[in-house]
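Structure provided below as structure tokens; questions to follow.
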Amino acid sequence: MLFERNGDFPFYRFQHLSGCPGVNHFVSSGAKNIGFSEEADADLIRQNRLSLAKAVGFEAERLVTAHQVHSARVGVVIAGDAGRGALDKESRLPDTDALVTAEAGVCLMVLSADCVPVLLYDPVGRVVAAVHAGWRGTVARIVVEAVEMMKERFGSRPEDVLAGIGPSIGKCCFEVDEEVAARFRCLFPEEDVVFAGKAPGKFQVDLWEANRKELLSVGLKPKHIEVSGMCSVCHPGHFFSYRRDGKAAGRFGAGIVLNV
Ligand SMILES: [Zn+2]
């Protein structure tokens, strides 16, 4: 990923999306918390989102977020949704883990503290999506659902779609028990997603590879998928991590917006 410091909120960008003139995007760093969690000071979060918008160059007032519930539900964002969940959490879209839009100027953002954020961009049909894929969302194949929605609603062709798989808990740190490992093994029997763990009965799961395989299965080209490869747990200061910091963990965000 490319690291940028523009104004007072450092952030990251995917290399391939940075070269696309039709779209703007970011993955925010752990410098500032932008999640309205129970513990967070709402005024501070608003200020932080405003400074992120300024640094990246999108309209904070038209940002859209959702109440993420580890589902496979995809929401289509229309012009009238602009600003929902931008500077408060009450107005955000309910129970949704992926956002899709063809509306220019409306930035879609998902929040994370270990879960995998995935950004999608169809430069031909001019459609974007932001996806929150934790382990449950990955097992529910939410990235596939998001691409299917881009196809159905906007006529996107998967072979045109670029994907960025963002920073999240890596296989270095994502240790699971037999029950969760079995669910992944069922979907990915090739043995390059689930690995033996450091202790008996424990396993390591590669969520990046799992999401990459899901994107390939729906027709994306390998060269169109960029994996950040940065582990949120292993990079304190760069990203927030629930596994590392517990309930007090902040949230970083990944967002994408079609240029007007
Ligand atoms: Zn790690």
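Heads up: numbering here begins at 1 and tracks the sequence.
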Selection residues 227-244 - residue pairs positive for salt bridge (charged side-chain N to carboxylate O under 4.0 Å, His left out), sequence neighbours left out: none
Counterpart residues, side chain to side chain contact (heavy atoms under 4.5 Å, CB included), relative to Ala86 (two or more places apart): Leu63
Shortest non-hydrogen contact between Asn33 and Gly250, atoms and distance: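 So the minimum-distance heavy-atom pair works out to OD1-CA, 3.4 Å.
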N/O donor-acceptor pair under 3.5 Å between Ser91 side chain and Gly85 backbone: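 Looks like yes, one N/O pair under 3.5 Å.
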Val110 side chain near Val131 side chain, heavy-atom distance below 4.5 Å: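 Contact flag for Val110/Val131 side chains = no.
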Under 3.5 Å: donor-acceptor pair, side chain of Ser232, backbone of Ala113: no
Any side-chain heavy-atom pair of Ile34 and Phe9 under 4.5 Å: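 Sidechains of Phe9 and Ile34: in contact.
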Thr138: side-chain hydrogen bond (donor to acceptor under 3.5 Å, both in side chains) partners, not counting sequence neighbours: Asn211
Side-chain touch Ser28/Met109, heavy atoms, less than 4.5 angstrom: no
Exam field: side chain His132 to backbone Cys115, donor-acceptor pair closer than 3.5 Å: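 Looks like no, no N/O pair under 3.5 Å.
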Residue list, side-chain hydrogen bond (donor to acceptor under 3.5 Å, both in side chains) with His238, at least two apart or on another chain: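 His238 satisfies side-chain hydrogen bond (donor to acceptor under 3.5 Å, both in side chains) with Tyr12 once adjacent residues are dropped.
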Aromatic ring pairing Phe58/Phe26, orientation class (parallel under 30°, perpendicular over 60°, tilted between):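 Ring orientation of Phe58 relative to Phe26: parallel.
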Remaining members of hydrophobic cluster (4.5 Å side-chain criterion), Val260: none
Atom NZ of Lys54: over 12 foreign heavy atoms under 6.0 Å: no
Set of side-chain hydrogen bond (donor to acceptor under 3.5 Å, both in side chains) partners for Glu103, sequence neighbours left out: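 Partners of Glu103 under the side-chain hydrogen bond (donor to acceptor under 3.5 Å, both in side chains) test: none.
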For the student: nearest non-hydrogen atoms of Asp245 and Ala249, plus distance: CB-CB, 3.9 Å
Backbone N/O of Lys202 and side chain of Glu175: donor-acceptor pair under 3.5 Å: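 The answer is no, because no donor-acceptor pair under 3.5 Å joins these two groups.
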Validation row: Ser168, Phe174 side chains within 4.5 angstrom (heavy atoms): no
Test side chain to side chain contact (heavy atoms under 4.5 Å, CB included) applied to Pro10 - qualifying residues, sequence neighbours left out: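 Partners of Pro10 by the side chain to side chain contact (heavy atoms under 4.5 Å, CB included) criterion, ordered by chain and then number, come out as Phe3, Arg5, Ser29, Ala31.
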Chi angles and distances behind the side chain to side chain contact (heavy atoms under 4.5 Å, CB included) call for Leu162, Cys20: CA-CA 10 Å; Leu162 305 181; Cys20 299; 3.5 Å; yes
By side-chain hydrogen bond (donor to acceptor under 3.5 Å, both in side chains) - contacts of Arg84 (at least two apart): Asp81
Any side-chain heavy-atom pair of Arg212 and Leu215 under 4.5 Å: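 They are not in side-chain contact.
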Backbone of Val56 reached by a side-chain donor or acceptor of Asn24 within 3.5 Å: yes
Any donor-acceptor N/O pair, Arg73 side chain to Pro94 backbone, under 3.5 Å: yes
hydrophobic_cluster_shared for Leu87 and Leu99, side chain cutoff 4.5 Å: no
Within residues 7-30 or reaching into it, pairs that qualify as salt bridge (charged side-chain N to carboxylate O under 4.0 Å, His left out) - sequence neighbours excluded: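 As it turns out, the salt bridge (charged side-chain N to carboxylate O under 4.0 Å, His left out) pairs with a partner in residues 7-30, which skip direct neighbours, are Glu4-Arg13, Asp8-Lys32.
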Flag if over 12 foreign heavy atoms under 6.0 Å of CZ, Arg183: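 Count not over threshold, so no.
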Side chain Glu226, main chain His16, donor-acceptor under 3.5 Å: yes
From CZ (Phe154) to CZ (Arg126), nearest 0.5 Å: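 One finds 12.5 Å between CZ of Phe154 and CZ of Arg126.
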Side chain Asp97, main chain His70, donor-acceptor under 3.5 Å: yes
Spatial distance of atom CG (Leu17) from atom NE2 (His224) [nearest 0.5 Å]: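 Leu17 atom CG to His224 atom NE2 measures 11.0 Å (nearest 0.5 Å).
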N/O donor-acceptor pair under 3.5 Å between Asp43 side chain and Arg46 backbone: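 Checked: no pair found.
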Which atom of Leu220 lies closest to which atom of Ala163, heavy atoms considered: CD2-CB, 3.6 Å
Flag side-chain contact, heavy atom, 4.5 Å: Ile225 against Ile165: yes
Heavy-atom closest contact (Lys151 atom, Pro158 atom, distance):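 What the structure gives for the nearest pair is CD-CG, 3.7 Å.
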All pairs passing side chain to side chain donor-acceptor pair (under 3.5 Å) where residues 246-260 contributes a residue, at least two apart: none
Same apolar cluster (I L V M F W Y, side chains within < 4.5 Å links), Tyr121/Val106: yes
For Ser71 against Asp95, the heavy-atom pair lying closest together: OG-O, 4.2 Å
Within 6.0 angstrom of Glu190 CD, more than 12 heavy atoms from elsewhere: yes
Pairs satisfying salt bridge (charged side-chain N to carboxylate O under 4.0 Å, His left out), at least one member in residues 213-223, at least two apart: Asp192-Lys213, Glu209-Lys213
Donor-acceptor pair, side chain of Asp122 and main chain of Val127, under 3.5 angstrom: no
Val193 reachable from Leu216 in the ILVMFWY side-chain graph, under 4.5 Å edges: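 Yes, same cluster.
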Test log, rule side chain to side chain contact (heavy atoms under 4.5 Å, CB included), inputs Thr65 and Arg49: CA-CA 12 Å; Thr65 66; Arg49 287 192 180 188; 3.9 Å; yes
4.5 Å side-chain heavy-atom contact, Asp206 and Phe188: no
Linked, directly or transitively: Val143 and Phe184 (ILVMFWY side chains, under 4.5 Å): yes
Parallel, tilted or perpendicular: ring planes of His235 versus Phe239, cut at 30 and 60 degrees: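 Perpendicular, since the angle between the ring planes exceeds 60°.
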Val205 vs Leu207 side-chain heavy atoms within contact, under 4.5 Å: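 Counting from C-beta outward, Val205 and Leu207 do come under 4.5 Å.
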With sequence neighbours excluded, residues passing side chain to side chain contact (heavy atoms under 4.5 Å, CB included) with Cys173: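 Result, side chain to side chain contact (heavy atoms under 4.5 Å, CB included) vs Cys173: Ile169, Cys231, Val233, Cys234.
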Cation over ring face, Arg92 and Phe36, 6.0 Å, 45°: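 No, Arg92 and Phe36 do not form such a contact.
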Nearest heavy atoms of Thr96 and Val74, plus distance in Å: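 Result for this residue pair: CG2-C, 4.2 Å.
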Pairwise distance CZ(Phe240) to CG(Leu111) - rounded to 0.5 angstrom: 11.0 Å
